[in-house]
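Atoms within a ligand are numbered from 1 in the order they appear, just like the ligands themselves.
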Amino acid sequence: MTWSGSTPFNQPPLSLEPNTHGPTAQRWGVASAFAPGKCILFGEHAVVYGHPAVAVAIDQGVRASITESLEWKLEGMPFDPSRHPHITHIIQSVFHYDGPPLTLDVQSGLFSAAGMGSSAALSNAVGAALHSHLNADEPLDSVKLAKLAHSAEATAQKGRASPTDTATSALGGCVVISGEHVEGTRHVFDTSLVTPEGRREWSINVVDLSPRVREAWLVMGYTGVGSPTGRMVAKVAKLLSESPERSEDMEDISRITRAGLTALSAGNLEALGMAMDACHERLQRLRVSNPLLDRLVVAARPHSMGAKLTGAGGGGCMVALTEDPQRVAEAIEVAGGRPLVSRLGAKGVRVV
Ligand code: MEV
């Protein structure tokens, strides 16, 4: 796989946008799809326990291409299913594929294990490319894909995964995931999962972003340290079982998320930023931040409306909301991080 990471801010981002010559690619027997990464604005970790989370799709993502061949290959190398649980789950357990061997090519503009939803984008892109390969005439069903990709994510994360990453990458825009319907949002679908802590149910909803929010920027800052989501989710589960009073922080995150959502709908960037700052503090209490993340958050804040870690924490990325992305990207770089700049609410998975 080509894990390309970010590009310097003053260069154009790695272009993984739809290839306008898609039909030509189809003619040559190549099925390709692009799925965006995601950035959680509020509610990471709490969403695993049924509290709401708000995430937006970002401009960068994963592109997967599939062709039939004589042997199974990934990026020109023999494909080892045990090393790629998401892809294996999609091909075997979801599509029950038993056709000729396939060659898969994957290009990513996301850092992996960094809170950008790279594995969800990978599952969605592979699922959409395989759908296009097998049923070229049927339109892509992004809800079905979100559910399939969630099952792949749950399998790879030992049964503890919310549908946040997969739904945001599949649907695009701004997605609200919650144990129950959240007022002011449009319901899209429901999904559930049996986790080691019991059965969880989520309602997946979308909200329209106001023009003011669409004009703002997110600058994500990668610490350079990958952090597998499954490990961080298990760490929080252990903390909660040893110190049940920490569930207060989950309640706080839930309250902050609702306030952030109100600010988001009203296009109130200042309130949105304040809610992001408050959310970071609660995530620190849940011990999922670390000195590297805190350093990037502090560096970004003077030029931002707000900043927090995003995703599972323990490394990975922070995110700042700003109208001055160049300044924030520079501040993150000076503090030792790798910046990646995006608008909020990119389009969801598509065949390209
Ligand atoms: C990971 O991007 C977000 C977490 O809330 C885990 C999950 O939702 O599955 C930490």
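Using a 30° and 60° split on the angle between ring planes, W72 and F79 fall in the tilted class, from 30° to 60°. Below 30°, between 30° and 60°, or above 60°: for Y222 and F111 the angle between ring planes is below 30°, a parallel geometry.
Note on ligand 1: G115 sits outside its first shell, no heavy atom being nearer than 4.0 Å.
Contact check on R301 versus D277 returns a salt bridge, with a Lys/Arg side-chain nitrogen under 4.0 Å from an Asp/Glu carboxylate oxygen. A salt bridge does not link R282 to E44: none of the charged side-chain nitrogens sits closer than 4.0 Å to a carboxylate oxygen.
Comparing E44, H150, H45, K38 by heavy-atom distance to atom 2 (O) of ligand 1, the nearest is K38.
For ligand 1, the atoms lying closer than 4.0 Å to a non-hydrogen atom of S162 are 7 (C), 8 (O), 9 (O). Atom numbering of ligand 1 starts at 1 in the shown order; those under 4.0 Å from a heavy atom of I40 are 2 (O), 3 (C). Close approach to V47 involves these atoms of ligand 1, each under 4.0 Å from a residue heavy atom: 5 (O), 8 (O).
Atom 1 (C) of ligand 1 has T229 CG2, 3.8 Å as its closest protein atom, hydrogens excluded (heavy atom only).
With sequence neighbours excluded, no residue forms a ring-ring contact (aromatic ring centres under 6.0 Å, His included) with F95.
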